[in-house]
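Notes to accompany the following structure.
Quick caveat: nothing in here was measured; it's all calculated off a predicted structure.
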Amino acid sequence: MKKTRVLITGGSGLLALNWACAIRDDMHVTLAMHKHSVKLRGVDFCILDLSNLSLLNDQIRFLDPDLIIHTAGLTNVDMCEKYPDLAFHVNAEISHNLALISVQNNIQLVHISTDHLFSHSDNLYSEDSITSPLNEYAKSKLLAEELVAKVNQNAIIIRTNFFCWGYSQRQSFSDWIIYSLRAGKMLSMFDDVAITPILADNLAQSTHELAALGVSGIFNVVGDDKITKYDFSIRLAMKFNLPIGNIIQDQLANSNLFAKRPHNMALDNSKVSKILARKVGGLDSFFTDLYSQEINGRVGEIYNAVS
């Protein structure tokens with residue numbers, strides 16, 4: 001049986017690398033890069049010019065994917081705040097380009113969005129909750145959602161908050177916690193910022209299940225647990241047998257971050273759970289899988305994957 005051909009943009013990003021590892025045994029995966037060189041077992045690579053609509057269309061036609069996972073974006077919140085035009089171009093205009101091309105070539109599109117879109121409630125946000133972005137990053141990602149949905153009504157738009165393994169030049173949130181504690185460093189973690197994190201592999205699995213069902217629209221693909229960043233770090237440290245005494249409670253107001261951040265980014269995944277007829281999963285299982293990935297070599301492979 002012919003394998004599904006999956007093209008993942010932002011190929012040197014943390015999500016793309018882990019996503020490729022999660023599906024490479026079952027699908028034909030191509031990671032699309034802008035300038036980096038990447039090497040992963042069982043994965044193909046290419047250079048794409050996401051800003052040139054005509055050239056990009058020709059390149060994607062040549063690759064002929066069945067599915068595009070658009071993970072590329074400018075995710076540095078403070079950089080987006082300092083350079084809003086760049087944020088608009090990378091996060092919104094390029095997403096618009098891919099939406100146009102996916103329609104023109106009848107390719108299924110998954111657009112990866114964010115959980116930074118809200119700021120007005122302490123409750124879980126559903127897909128129908130009114131957005132209220134606080135910073136330029138969130139504004140550019142919200143505009144991207146709107147542009148993609150307008151151009152491609154069959155697109156799947158995923159709002160999420162993921163964690164995974166990073167590489168030598170770029171750590172993930174969970175990497176930073178694990179490596180810092182292993183080095184004996186003290187960590188200050190926000191106890192007033194709530195998230196609903198999901199392991200990247202589970203994000204990929206749930207998203208491909210949605211794609212196989214032929215659904216479209218906005219979906220919150222996040223974990224079952226609403227948790228503060230402080231409590232996340234405590235539970236992660238306990239799973240990896242690291243010293244929780246090195247983790248100090250702190251508040252967002254004490255930070256020197258340039259851009260405003262929301263205190264609550266927790267998303268409601270009940271819509272996805274109902275469609276998939278199962279729970280998405282919780283932190284206990286995610287941390288167990290993350291630990292197993294380190295034991296089984298995922299960490300070393302990804303750590304050295306990007307040059």
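Residue pairs meeting the salt bridge (Lys or Arg N to Asp or Glu O under 4.0 Å) criterion with at least one member in residues 217-235, sequence neighbours excluded, are R235-D284. Applying the salt bridge (Lys or Arg N to Asp or Glu O under 4.0 Å) rule to pairs touching residues 78-107 yields D78-R261, sequence neighbours excluded. Residue pairs meeting the salt bridge (Lys or Arg N to Asp or Glu O under 4.0 Å) criterion with at least one partner in residues 263-279, sequence neighbours excluded, are E209-R278. Residue pairs meeting the salt bridge (Lys or Arg N to Asp or Glu O under 4.0 Å) criterion with at least one partner in residues 15-33, sequence neighbours excluded, are R24-E301, D25-R41. The ring pair (Phe, Tyr, Trp, His ring centres under 6.0 Å) pairs that include a residue from residues 179-216 are W19-H208, where partners are two or more places apart or lie in different chains.
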>> Is there a side-chain contact (heavy atoms from CB on, under 4.5 Å) between N52 and S54? Walk through the geometry before answering.
In response: CA-CA 6 Å; N52 186 324; S54 178; 3.9 Å; yes

>> Apply side-chain contact (heavy atoms from CB on, under 4.5 Å) to residues I177 and M189 and explain how you reach the verdict.
In response: CA-CA 10 Å; I177 296 169; M189 305 297 298; 4.1 Å; yes

> Hey, mind stepping through Y83 and F88 against ring pair (Phe, Tyr, Trp, His ring centres under 6.0 Å) and telling me if it holds?
Replying inline: CA-CA 9 Å; Y83 306 103; F88 169 77; over 10 Å; no

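Taking 4.5 Å as the limit, every side-chain heavy atom of D49 sits out of range of all side-chain heavy atoms of L56. Residues I218 and D128 are not in side-chain contact: their nearest non-hydrogen atoms beyond the backbone lie 4.5 Å or more apart. Side-chain contact between H28 and T30 is present, with at least one heavy-atom pair separated by less than 4.5 Å. Using a 4.5 Å heavy-atom threshold, the side chains of P262 and H116 count as touching. Under the 4.5 Å side-chain criterion, counting only non-hydrogen atoms from C-beta, N154 is not in contact with V103. No side-chain heavy atom of I69 sits under 4.5 Å from any side-chain heavy atom of T9. L117 has its side chain within reach of R159: a pair of non-hydrogen atoms, C-beta onward, lies under 4.5 Å apart. Side-chain contact between F219 and N269 is absent, with no heavy-atom pair separated by less than 4.5 Å.
Across all non-hydrogen atoms, the minimal contact from M33 to S12 is SD-N, 3.6 Å. Annotation for S174 and C164: closest pair OG-O, 3.1 Å, computed over non-hydrogen atoms.
Connection of L14 to I198 is established within a shared hydrophobic cluster, with ILVMFWY side chains joined at heavy-atom distances below 4.5 Å, either directly or through further cluster members. Note: the hydrophobic cluster containing L98 does not contain L147 (ILVMFWY, side chain heavy atoms under 4.5 Å, direct or indirect links). No chain of hydrophobic side-chain contacts below 4.5 Å, direct or via other Ile, Leu, Val, Met, Phe, Trp or Tyr residues, connects I8 to V148. One hydrophobic cluster holds both W165 and I23 under the rule that ILVMFWY side chains link at heavy-atom gaps under 4.5 Å. A continuous path of Ile, Leu, Val, Met, Phe, Trp and Tyr side chains, each step under 4.5 Å between heavy atoms, connects I195 with I234, placing both in one hydrophobic cluster.
The distance from the OH atom of Y137 to the CG atom of L142 is 11.5 Å, given to the nearest 0.5 Å. In this structure, CZ on F163 lies 10.5 Å from CG on N18, to the nearest 0.5 angstrom. Of the inter-residue distances, the one linking N254 atom CG with Q249 atom CD reads 12.0 Å to the nearest 0.5 angstrom. In this structure, SG in C80 is found 3.5 Å from CG in L74, a value given to the nearest 0.5 Å.
A side-chain donor-acceptor contact under 3.5 Å links D115 and N161. A donor-acceptor pair shorter than 3.5 Å cannot be found between the side chains of N57 and N97. With 3.5 Å as the limit, one finds a donor-acceptor pair spanning the side chains of D201 and Q293. Judged purely by distance below 3.5 Å, without hydrogens or angles, the side chains of S119 and S132 pair a donor atom with an acceptor atom.
Applying the salt bridge (Lys or Arg N to Asp or Glu O under 4.0 Å) rule to E127 yields no partners; only residues at least two apart in sequence or on another chain are considered. Residues satisfying the salt bridge (Lys or Arg N to Asp or Glu O under 4.0 Å) test with E294, not counting sequence neighbours, are R182. Taking the salt bridge (Lys or Arg N to Asp or Glu O under 4.0 Å) definition, one finds that D64 meets it with R5, sequence neighbours left out. Every residue was checked against the salt bridge (Lys or Arg N to Asp or Glu O under 4.0 Å) condition with D191, not counting sequence neighbours, and none meets it. Under the side chain to side chain contact (heavy atoms under 4.5 Å, CB included) criterion, T4 pairs with V6, M27, D66, not counting sequence neighbours. For S216, there are no side chain to side chain contact (heavy atoms under 4.5 Å, CB included) partners two or more places apart in sequence or in a different chain.
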Could you give the side-chain donor-acceptor pairs of residues 238-248 under 3.5 Å, partners two or more places apart or in another chain?
from: K239; atom 1: NZ; to: T288; atom 2: OG1; distance (Å): 3.3
from: N246; atom 1: ND2; to: G184; atom 2: O; distance (Å): 3.4
from: N246; atom 1: ND2; to: K185; atom 2: O; distance (Å): 3.2

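In summary, the aromatic rings of Y125 and F118 are positioned with their centroids under 6.0 Å apart. F286 has its ring centre no less than 6.0 Å from the ring centre of Y291.
Ring pair H70/H111 is tilted by interplanar angle, where 30° to 60° counts as tilted.
Atom CD1 of I130 has 12 or fewer neighbouring heavy atoms from other residues, nucleotides or ligands inside a 6.0 Å radius.
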